[in-house]
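Just so you know, these numbers use all the heavy atoms, side chains as well, and skip hydrogens, waters and symmetry mates. Counting starts at 1 for both ligands and their atoms, following the listed order. These numbers come from a predicted model, not from an experiment.
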Amino acid sequence: MNLGADTGAAFAYSAPRVFDGERILEDYAVIVENSTVTDVVPSLDLPPDFPVHRRSDCTIIPGLIDTHVHFMRWQGAVFLAYGVTSIRDTGNDLRWILQRRKEWPKQLWPRILCMGPLLDGPSPNHPVVARRITDLASATTAVRETVAAGVDGIKLYVGVDPGWMSAMARESHEGGLKISMHCLANGVLAAGRSGIDEFYHLDGILADVWPDHPSGWLEVWGDPDFARTWDRQLYVADAARDLGMTATPTLAYWESQWRLRTEIGASSEERRYMPPELARWASAQRDPAAAVRWRRALDAAQKFVGLLLERGVPVLAGSDTPCGGILPGQSLWRELSLLEEAGMSPEGALRAATSDAADFLERPQLGRLRKGQCADVVCVRGDLSKQIPEHPEIALVIRGGDVYRPSELLATAKADLWQDDPWARQFELHWSRRQGGEGGEEKG
Ligand SMILES: [Zn+2]
């Protein structure tokens with residue numbers, strides 16, 4: 001499927017707009033040689049006989065990085081088709097995901113970074129993909145052993161006792177890794193004070209802004225009284241910034257909760273590349289009355305993200321795919337579009353999925369188009385300096401110098417590849433429990 005130059009020969013991709021990871025350059029060309037970007041120059045500076053693929057209808061961007069994913073093999077080609085050339089897995093079976101990370105260069109998958117299992121308390125929500133912790137000693141051991149296994153970051157889950165967090169953060173930092181958390185009952189600020197670097201999904205701030213909130217979960221943000229917490233939200237945003245925290249709000253997940261309950265649900269395009277099990281579950285969530293509340297919750301979450309941006313908290317783009325029944329890649333574009341609505345400029349939203357993500361993940365060769373960077377390059381139709389498309393038309397995807405057409409990638413997508421992946425087993429466990437009336441939650 002390699003459509004580019006012969007291996008070894010330099011080849012240029014030029015367009016009226018090139019987003020280099022930081023800003024839009026007018027009429028530039030990206031020169032790729034083997035698996036590396038060797039230069040980014042004004043198109044006019046290319047020698048007349050230089051081999052060039054000119055895309056006059058496109059914006060060229062670095063390959064996108066989805067910073068919050070739970071990887072399953074069926075997702076790989078779909079991610080790539082939407083221009084996502086790197087993902088960070090934020091909770092999976094340790095041995096399984098390390099094996100997938102080793103395999104990605106030989107597969108039609110994005111490059112994979114991973115955090116191992118969800119390190120969770122004594123009764124993990126997602127037992128298939130979690131490591132159970134019962135006390136302080138097992139908490140530090142869990143971090144030490146996960147670091148030693150060679151992961152790229154540490155992820156704590158909602159059941160971690162606040163009394164263990166400082167020791168876990170210290171252990172992770174001593175091992176050279178950042179530590180991230182899905183905060184819930186104990187709030188985001190307690191995590192920040194313990195040294196946690198990043199918080200996911202925003203729902204943890206409920207405990208900080210509205211300690212006696214009505215029972216419920218993300219949808220409590222749709223409660224009309226939530227607006228009264230505005231001053232506290234402002235305080236939390238400032239405190240999170242002062243604690244040096246980064247936020248990955250996964251608004252696409254929030255939006256999915258609304259969409260699943262409306263008539264809209266997953267689009268036919270989304271269903272086409274989604275395992276039938278997931279599509280079936282998604283269409284069973286319809287509940288128009290609850291949808292109204294979820295829509296208000298999404299609005300409140302976007303307002304809070306606007307506040308984070310205004311107060312200077314770094315915000316990264318992550319989708320939480322496949323939770324919420326959202327499609328790999330497409331969901332990251334939706335995230336960028338939601339971040340733009342929340343107050344980011346189109347360039348700011350692109351940075352959240354490129355250079356800002358690469359900086360946070362300490363992967364200096366990703367997220368930018370510059371001399372010496374990985375040749376992860378995407379041609380997207382339209383002018384992205386004006387607006388981020390929710391449904392992008394991707395013309396070409398280059399991962400590590402290999403060139404792919406999205407239609408060909410999608411033709412290889414294997415939606416039936418579901419069984420045996422840890423998250424398939426985890427979903428099925430939730431669904432069978434729910435049928436048995438036990439409830440359960442599908443967000444990782
Ligand atoms: Zn997750």
Side-chain angles (χ1 to χ4, degrees), residues 65-72 74-75 79 84 86-94 96-97 100-101 110 112-121 124-131 146 151-160 178-185 188 191 196-206 217-218 246-257 260 274 278 281-282 298 301 305 315-332 334-335 338-339 352-353 357 360-361 421-427 429-431 440-444:
I65 305 168
D66 190 334
T67 62
H68 194 120
V69 166
H70 302 282
F71 186 64
M72 303 172 79
W74 67 269
Q75 302 167 343
F79 267 124
V84 176
S86 302
I87 57 167
R88 172 178 59 167
D89 185 282
T90 49
N92 221 314
D93 177 84
L94 177 64
W96 186 88
I97 194 65
R100 303 290 86 77
R101 190 184 65 178
I112 296 177
L113 306 180
C114 70
M115 308 176 89
L118 307 167
L119 302 184
D120 204 354
N125 272 2
H126 308 291
V128 180
V129 291
R131 175 162 172 168
T146 309
V151 297
D152 304 293
I154 292 291
K155 160 103 177 254
L156 308 190
Y157 204 66
V158 300
V160 163
K178 289 200 170 101
I179 182 164
S180 307
M181 184 166 186
H182 179 182
C183 305
L184 198 62
V188 163
I196 306 295
D197 300 297
E198 180 192 21
F199 63 101
Y200 295 132
H201 312 305
L202 305 180
D203 47 346
I205 78 143
L206 263 188
W217 164 62
L218 293 180
T246 292
T248 303
T250 67
L251 291 170
Y253 177 84
W254 292 67
E255 199 212 27
S256 77
Q257 297 303 310
L260 287 172
M274 201 181 274
L278 197 59
W281 170 83
L298 171 64
V305 170
V315 173
L316 302 181
S319 64
D320 208 10
T321 302
C323 299
I326 49 185
L327 194 70
Q330 164 61 52
S331 52
L332 187 65
R334 190 168 287 161
E335 180 72 16
L338 291 164
L339 288 172
F360 182 85
L361 299 170
D421 283 6
W423 269 94
R425 284 186 278 127
Q426 183 54 69
F427 278 124
L429 186 63
H430 284 309
W431 297 337
E441 181 197 306
E442 69 292 329
K443 170 159 52 64

| request: May I ask you to say whether R101 pairs ionically with D152, meaning some side-chain N is under 4.0 Å from a carboxylate O? | output: yes
| request: If the plane angle is over 60° it's perpendicular, under 30° parallel, otherwise tilted; pick one for H201 and H182. | output: perpendicular
| message | Check whether W96 reaches the backbone of V129 with its side chain - one donor and one acceptor, N or O, closer than 3.5 Å. | response | no
| request: Tell me, please, if H201 has any N/O/S atom, main chain or side chain, under 2.8 Å from the Zn ion (ligand 1)? | output: no
| field | H68, N/O/S atom nearest the Zn ion (ligand 1) | value | NE2
| Salt-bridged, E255 to R334, with N to O below 4.0 Å? | yes
| field | Proximal heteroatom of D320 relative to the Zn ion (ligand 1) (N/O/S) | value | OD1
| Would H182 count as a contact for the Zn ion (ligand 1), in the sense that one of its N, O or S atoms lies under 2.8 Å from it? | no
